[in-house]
Peer 1: 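One structure coming up, written as structure tokens, with questions to follow.
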Amino acid sequence: MSEIETAEAPATEKTVTNHLYLVDGSSYIFRAYHRLPPLTNRHGMNVGAVYGYTAMLWKLADGLKQAEGPTHMAVILDASEHTHRNEMYDQYKAHRPPPPEDLVPQFPLIRVATRAFSIPCIEKAGLEADDIIACYVMAAKKAGWKVTIVSSDKDLMQLVEDGAVDMLDTMNDRRIDEAAVHDKFGVGPEKVGEVLALMGDSVDNVPGVPGVGPKTATQLIQDYGSVEGVLAAVEEIKKPKLKQNLIEHAEAARLSRELVRLVCDAPLPEPLDELILKGIPPEPLKEFLEDQGFKTLLNRMVGGGPTNTGATVRNDVMAALDRRPASKITEPDAPEKIEVDVSKYETVTDEAALDRWIAEARAQGYVAVDTETDCIDCIIAKLAGISLATGPNRACYIPVGHVGGDLLSETPNQLPLQLVLDRLKPLLEDPAVLKIGHNLKYDWVMFDKAGIDVAPYDDTMLMSFDLDAGRSFGHNLTDLAKSQFEHECISFKSLCGTGARQITFDKVPLKEATEYAGEDADIALRLWHRFKPRMTTENAERVYKRVDQPLIPVIGRMERRGVKVDRDYLAGLSKTFSEEISKLEERIYEAACGPFTIGSPQQLGDVLYGRLGLKGGRKGKSGHYSTDVNELERLASEGVNCARLVLDWRQLTKLRSTYTEALQSVINPETGRVHTSFSLTGAQTGRLSSNDPNLQNIPIRTELGRKIRDAFVAEPGYVLMSADYSQIELRIAAHMADVPQLKEAFREGADIHNITAEELFGSADRENRNKAKTVNFAILYGVSPWGLASRMGVPKEEGQAIIARYFERFPGIRQYIDDTLQFVRSHGYTKTLFGRKTHFYPNIKSPNPSIRGGAERAAINAPIQGTSADLIKRAMTRMDGALAEAGLDGVRMLLQVHDELVFEVPDGREQEAAEVVRRVMATAAEPAIKLDVPLDVEVGWGEHWGAAH
DNA sequence: GACGTCACG
DNA sequence: GACGTACGTGACGTCT
């Protein structure tokens with residue numbers, strides 16, 4: 001084993017100029033973190049930045065033997081956040097965000113790594129690394145030494161001096177001399193501080209002068225020499241806005257000048273001579289490399305030491321990174337070129353042709369089916385026609401409900417509806433013929449209404465969803481035709497028009513109808529051929545077959561059943577709300593000194609922050625003041641009466657427009673019930689979504705809103721029963737992340753938020769429990785310290801501390817997050833326990849940190865939310881059968897609200913039904929998955945939904 | 001159609 | 001050195 005050591009003892013050699021290398025450690029690690037791919041050490045901790053840092057130090061130390069190499073060296077770190085600049089300006093660095101969570105634990109390792117190289121690590125309270133560096137630069141220059149600052153921080157460029165001080169940007173392997181500084185700032189190092197002051201710096205919150213960016217700042221300093229020079233000559237400035245800004249913000253400019261000025265006369269924490277490089281003892285370094293599992297560097301050490309140049313070390317870094325598991329991210333398949341000839345489709349208007357198509361489908365064993373109707377709402381829609389496809393460009397359209405487009409045209413020749421249905425029924429129900437549809441739930445309902453139970457079937461929309469959820473393309477037929485085949489489908493608009501003059505499909509002439517409808521079936525069949533092989537190779541078959549595909553009839557039946565809503569009750573609520581709203585409006589206008597449109601956030605913002613002159617408004621990207629609930633609550637708590645009134649007004653108008661009024665208008669006149677539509681592909685995580693109307697967001701959180709729930713009632717002779725999973729996402733998290741305390745708590749039936757409160761805060765009083773509840777959810781969403789702090793109303797340091805403590809107490813959670821992120825980065829998607837994928841590429845690799853961060857948080861959450869969705873879907877699929885088996889055919893499943901199922905139960909059968917429902921829901925994972933936690937289900941019932949909880 | 005806001009899990 | 005700040009939805013009203 002050899003050690004890294006200096007070839008000579010340079011300090012004692014008169015002929016050799018001492019050369020001090022000052023490494024700006026803090027800034028390096030930030031850059032390394034973002035530039036280098038994530039790397040995990042053998043403790044499972046993210047150490048990408050530490051690896052980058054270690055490799056850089058190695059490279060520097062290895063340069064000892066070179067002419068320009070160091071004789072002295074130190075790593076400079078930031079010791080504290082508070083410095084003299086905060087005394088000068090309390091906003092200094094005030095908005096600087098906390099470092100990324102997986103970077104924080106790497107900071108201490110920087111010191112460990114530095115010690116491993118036996119290089120001094122210097123930090124001093126009250127001084128920023130930049131200042132310490134400046135002090136050493138001055139002292140070294142005075143002693144006649146040369147200095148290299150290892151950093152690319154623009155503030156440090158003030159110190160560059162040809163022949164004495166340069167900078168080394170190790171990431172780009174670039175020396176920065178005076179010329180380079182001049183290139184960047186248009187002025188020499190001595191004027192860099194002046195330019196920086198005018199520019200300002202949003203990260204450090206150096207104010208600068210508004211409207212002055214790098215270009216303007218450079219120009220001004222070139223012209224006038226300094227900030228003071230610019231301010232003195234301000235009258236000469238031509239541009240009026242610039243001149244005004246300079247005058248108005250003269251003090252900010254002077255303050256900025258002082259903020260960017262480096263302290264260079266503080267006493268040195270360590271004397272210069274102490275920084276001498278004597279050689280690097282191998283043991284501590286070896287131990288460090290072993291501990292971190294940096295094998296390549298270790299091998300190099302063992303195998304003869306770093307006799308190499310920097311270039312080799314850089315290769316070494318690359319080699320190490322290359323040896324990580326190769327990226328398994330697969331881009332979506334390239335589109336397949338297809339020729340669609342809609343003129344080949346046949347319009348079927350006689351029995352012989354119909355029988356011919358049925359025979360062809362039966363002979364082939366599969367057929368694509370699509371229904372056309374007069375309305376997008378399948379509950380009330382009437383059939384216009386049915387299309388079938390058996391091969392590329394081989395499709396037909398069977399009109400059954402077409403009428404003349406206008407008074408002049410006659411009803412076209414077509415087969416009678418009932419005859420067509422009678423002929424198709426055996427085919428559609430034939431177990432030997434696979435029916436292929438796109439968004440088959442719609443067609444399933446249409447046929448169900450005709451007494452046809454379509455089976456077996458495949459749904460290409462669901463297949464697309466199970467293969468490609470989260471990818472950038474949509475799963476509807478038109479989008480898929482484009483993304484999979486680069487084919488532009490005939491647009492519905494071109495047939496039926498838009499707006500008031502839009503016609504229904506049953507009025508479209510048969511020729512066009514045949515082209516449109518035939519194409520839908522043709523494309524669906526082509527999609528099936530394209531997706532089918534992928535289902536097995538990409539492991540989507542399991543979630544499709546076990547979770548999503550069987551759900552179609554289940555959801556279809558729920559939609560058809562609908563839920564009864566008490567119209568008179570809603571009308572009464574509407575009236576009460578309206579009266580209250582009127583009163584509030586008067587009082588708001590009074591408080592605001594005049595009427596305005598309260599519902600306009602823009603006008604409201606202008607009234608509050610303009611007319612009433614209130615302070616502290618945040619502005620959004622549109623330049624308008626934010627008037628969301630947080631802001632108004634803040635104002636209200638400061639005693640602004642108007643804000644409270646507006647909040648009340650908002651709540652009431654929301655309830656009236658979205659619920660009491662809208663719900664009345666969607667009551668189906670035939671059934672007297674409300675029929676939502678559940679989308680199986682609406683949420684990337686695998687959750688259902690509900691629309692037209694959305695019955696998954698009926699109010700419950702406030703007393704007033706809750707009244708809306710009372711409008712959802714049972715038919716006479718029935719009660720509404722609600723069954724919901726208790727804490728399902730936390731249970732899944734406890735299982736997936738393998739957290740013993742949480743699993744134990746769930747097994748014992750303990751209150752999970754109390755357990756968390758005890759772990760985090762030592763005791764579980766009411767307040768701590770609420771805090772713990774917030775933290776429990778926040779963590780699963782990938783919250784930042786800042787975000788948690790703002791939600792809990794505590795300083796961000798406390799948010800940070802709580803998160804740290806959470807991870808310390810529940811290390812499994814941190815491991816889960818790290819593992820999930822590592823997986824999604826290398827594979828491009830996440831998976832639920834049942835294998836459902838959600839794709840996050842390319843956002844997970846976005847160079848935009850905000851986009852990437854968003855993808856990371858979503859990826860942390862997706863397996864948990866998605867597993868929960870898988871579970872309740874499985875329960876739903878089994879529910880009707882289980883109820884029937886228990887003789888409870890009269891029990892109807894009506895709604896799903898993510899972790900809740902709502903049923904209509906015949907009077908007197910509540911107990912039995914509750915027992916079956918609870919059992920089916922609680923055992924939803926079995927037998928596929930054995931959960932380490934029990935699934936607890938709470939069941940309640942009553943006359944209306946409000947009473948069922 | 002974009003945006004802001006707010007209802008739910 | 002910047003970016004924004006908790007995940008997933010759908011609906012309504014305003015404004016352009």
Side-chain angles (χ1 to χ4, degrees), chain A residues 27 30-31 33-35 95-98 100-101 152-155 201-204 597-605 620-632 646-647 650-651 653-659 661-663 666 676-677 679 682-702 705-706 708-709 724-725 727-729 774-791 796 799 838 846-866 868-869 872 896-900:
Chain A
S27 91
F30 269 95
R31 295 181 66 209
Y33 175 78
H34 291 297
R35 289 274 289 267
H95 304 314
R96 177 170 281 210
E101 272 169 43
S152 58
D153 188 329
K154 58 182 170 27
D155 294 317
D201 183 328
S202 58
V203 179
D204 292 350
T597 310
I598 306 169
S600 162
Q602 193 181 335
Q603 290 188 33
L604 178 63
K621 56 183 160 196
S622 60
H624 299 134
Y625 291 103
S626 167
T627 63
D628 67 13
V629 73
N630 293 323
E631 291 300 300
L632 293 186
V646 170
L647 282 168
R650 282 220 180 125
Q651 188 191 12
T653 52
K654 173 87 175 179
L655 292 177
R656 183 179 62 175
S657 67
T658 309
Y659 300 104
E661 290 293 326
L663 278 176
V666 291
T676 183
S677 171
S679 168
Q684 319 195 85
T685 52
R687 271 192 179 179
L688 302 182
S689 72
S690 156
N691 60 281
D692 299 310
N694 183 352
L695 295 185
Q696 289 182 324
N697 71 346
I698 303 302
I700 191 167
R701 291 175 187 170
T702 66
R706 238 187 143 103
I708 313 267
R709 294 225 161 195
D724 67 286
Y725 282 114
Q727 317 283 8
I728 189 161
E729 293 199 1
T774 301
V775 178
N776 273 330
F777 286 112
I779 296 283
L780 298 185
Y781 297 155
V783 76
S784 65
W786 192 95
L788 183 64
S790 82
R791 294 222 162 205
K796 78 155 197 286
T838 305
S846 171
N848 178 331
S850 154
I851 291 175
R852 195 176 59 242
E856 285 170 355
R857 292 191 297 273
I860 290 168
N861 184 244
I864 299 167
Q865 191 182 112
S868 153
I872 197 165
Q896 187 251 45
V897 194
H898 310 307
D899 62 358
E900 173 188 11

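To find a chain, count down the sequence lines: A is the first, B the second, and so on, and within it residues start at 1.
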Peer 1: Suppose we call a contact any N or O donor and acceptor under 3.5 Å apart; does that hold for the side chain of Ser600(A) and the base of dT14(C)?
Peer 2: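 Side chain to base: no pair below 3.5 Å.
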Peer 1: Would you indicate which nucleotide in dA7(B), dG9(B), dC15(C) comes nearest to any side-chain atom of Gln651(A)?
Peer 2: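 Selected nucleotide (nearest to the side chain): dA7(B).
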Peer 1: Which nucleotide in the set dT5(B), dA6(C), dG8(C) lies at the smallest distance from any side-chain heavy atom of Pro601(A)?
Peer 2: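 Looking only at side-chain atoms, Pro601(A) lies closest to dT5(B).
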Peer 1: Can you tell me how far P of dC6(B) sits from CZ of Arg706(A), to the nearest Å?
Peer 2: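 Rounding to the nearest Å, CZ of Arg706(A) and P of dC6(B) are 21 Å apart.
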Peer 1: What pattern of brackets, bars and dots sums up DNA chain C from 5' to 3', given Watson-Crick or G-U wobble pairs under 3.5 Å, [ ] for crossing pairs and | for another strand?
Peer 2: ......|||||||||.
Peer 1: Does Asp692(A) reach a base, just sugar-phosphate, or nothing at all? Heavy atoms under 4.0 Å.
Peer 2: sugar-phosphate
Peer 1: Would you say Arg701(A) places a side-chain N or O within less than 4.0 Å of OP1 or OP2 belonging to dC8(B)?
Peer 2: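 Result: yes.
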Peer 1: Please work out if Gly853(A) contacts a base, only the sugar-phosphate, or nothing of the nucleic acid, heavy-atom cut-off 4.0 Å.
Peer 2: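 Here Gly853(A) touches no strand at all.
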Peer 1: What's the closest nucleotide to the Ser850(A) side chain, out of dG4(C), dC7(C), dG9(B)?
Peer 2: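 So the nucleotide nearest the side chain must be dG4(C).
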Peer 1: For Asn697(A), which contact category applies under a 4.0 Å heavy-atom criterion: base, sugar-phosphate, or nothing?
Peer 2: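 The answer is base, as Asn697(A) lies within the cut-off (heavy atoms under 4.0 Å) of a base atom.
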Peer 1: Across the strands shown, which category fits Ala778(A) at heavy-atom distances under 4.0 angstrom: base, sugar-phosphate, nothing?
Peer 2: base
Peer 1: Among dC8(B), dG10(C), dG8(C), which nucleotide sits nearest the side chain of Arg709(A)?
Peer 2: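 Looking only at side-chain atoms, Arg709(A) lies closest to dC8(B).
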Peer 1: Side chain of Arg857(A) only, heavy atoms from C-beta on: which candidate in dC6(B), dC3(C), dT5(C) is closest?
Peer 2: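 Between dC6(B), dC3(C), dT5(C), the one nearest the side chain of Arg857(A) would be dT5(C).
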Peer 1: Output the rounded distance in Å from CD1 (Ile698(A)) to C1' (dG10(C)).
Peer 2: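 Rounded to the whole Å, the gap is 11 Å.
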Peer 1: Provide the distance between the two P atoms, one in dA6(C) and one in dA2(B), to the nearest whole Å.
Peer 2: 24 Å
Peer 1: Remember a base hit wins even if backbone is also touched, and classify Ser690(A) as base, sugar-phosphate or nothing at under 4.0 Å, heavy atoms.
Peer 2: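 Sugar-phosphate, backbone atoms only, no base.
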Peer 1: Which nucleotide wins on minimum distance to the side chain of Tyr659(A), given the candidates dG8(C), dA7(B), dC3(C)?
Peer 2: dA7(B)
Peer 1: What is the distance from atom CZ of Arg656(A) to atom NZ of Lys654(A), rounded to the nearest 0.5 Å?
Peer 2: 13.5 Å
Peer 1: Using a heavy-atom cut-off of 4.0 Å across all strands, would you classify Ala869(A) as base, sugar-phosphate, or nothing?
Peer 2: nothing
Peer 1: Are any of Thr685(A)'s side-chain N or O atoms less than 4.0 Å away from OP1 or OP2 of dT9(C)?
Peer 2: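 Answer is no, no contact under 4.0 Å.
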Peer 1: Please report the distance separating the P of dC3(C) from the corresponding atom of dA7(B), rounded so that it comes out in whole Å.
Peer 2: 32 Å
Peer 1: Using a heavy-atom cut-off of 4.0 Å across all strands, would you classify Arg687(A) as base, sugar-phosphate, or nothing?
Peer 2: base
Peer 1: Look at all strands and tell whether Thr774(A) reaches a base, only sugar-phosphate, or nothing, counting heavy atoms closer than 4.0 Å.
Peer 2: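 Base: the residue Thr774(A), judged by heavy atoms under 4.0 Å, touches a nucleobase.
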Peer 1: To the nearest Å, give me how far apart NZ (Lys654(A)) and P (dT5(B)) are.
Peer 2: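 Whole-Å distance recorded here is 12 Å.
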Peer 1: Please determine, for the side chain of Ile700(A), which listed nucleotide (dG9(B), dG1(C), dC3(C)) has the closest atom?
Peer 2: dG9(B)
Peer 1: Testing the basics here: between Leu788(A) and Ala778(A), what is the closest heavy-atom pair and its distance to 0.1 Å?
Peer 2: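 Looking at all heavy atoms of both residues, the shortest contact is CD1-CB, 3.7 Å.
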Peer 1: Describe the nucleic acid contact of Gln684(A) in one word from base, sugar-phosphate, nothing, applying a heavy-atom distance below 4.0 Å.
Peer 2: sugar-phosphate
Peer 1: Nearest to the side chain of Ser626(A) - dA6(C), dT5(B), dG9(B)?
Peer 2: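 Side chain of Ser626(A) sits closest to dT5(B).
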Peer 1: Of all the choices, dC7(C), dC12(C), dT5(B), which nucleotide is nearest to the side chain of Ala662(A) once you look at every atom?
Peer 2: dC12(C)
Peer 1: Give, for atom CG of Leu632(A) and atom CG of Leu647(A), the distance between the pair rounded to the nearest 0.5 Å.
Peer 2: 4.5 Å
Peer 1: To the nearest 0.5 Å, tell me how far Thr838(A) OG1 sits from Asn861(A) CG.
Peer 2: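 Going from the OG1 atom of Thr838(A) to the CG atom of Asn861(A) covers 10.0 Å.
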Peer 1: Counting just side-chain N and O atoms, does Ser689(A) come under 4.0 Å of either OP1 or OP2 of dG10(C)?
Peer 2: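 Checking dG10(C) against Ser689(A), a side-chain N or O does come within under 4.0 Å of OP1 or OP2.
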Peer 1: Whole angstrom is fine here: how far is it from CG in Leu632(A) over to C1' in dT5(B)?
Peer 2: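 Those two atoms, CG and C1', are 10 Å apart.
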Peer 1: P atom, dG1(C) versus dC6(B): distance in rounded Å?
Peer 2: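 After rounding to an integer number of Å, I get 39 Å for this pair.
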Peer 1: How long is the span from the OG atom in Ser679(A) to the CG atom in Asp692(A), to the nearest 0.5 Å?
Peer 2: 11.0 Å
Peer 1: I want to check something: taking the side chain as every heavy atom from C-beta on, are Lys154(A) and Asp201(A) in contact at a cut-off of under 4.5 Å?
Peer 2: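 They are in side-chain contact.
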Peer 1: Of the nucleotides dT5(B), dC8(B), dG8(C), which one has an atom closest to the side chain of Gln865(A)?
Peer 2: dG8(C)
Peer 1: Working to the nearest 0.5 angstrom, can you tell me the gap between Thr627(A) OG1 and Gln603(A) CD?
Peer 2: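 Separation between the atoms: 11.5 Å.
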Peer 1: Ile864(A) near the nucleic acid: base, sugar-phosphate alone, or nothing, with a heavy-atom cut-off under 4.0 Å?
Peer 2: nothing
Peer 1: What nucleic acid atoms does Asn848(A) come within less than 4.0 Å of, heavy atoms only: base, sugar-phosphate, or nothing?
Peer 2: nothing
Peer 1: Under 4.0 angstrom, heavy atoms only, what part of the nucleic acid is Gln603(A) near: base, sugar-phosphate, or nothing?
Peer 2: sugar-phosphate
Peer 1: Working to the nearest 0.5 Å, report the span between CG of Leu688(A) and OG1 of Thr676(A).
Peer 2: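 Going from the CG atom of Leu688(A) to the OG1 atom of Thr676(A) covers 10.0 Å.
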Peer 1: Between Tyr781(A) and Ile864(A), is there a side-chain heavy-atom distance shorter than 4.5 Å?
Peer 2: no
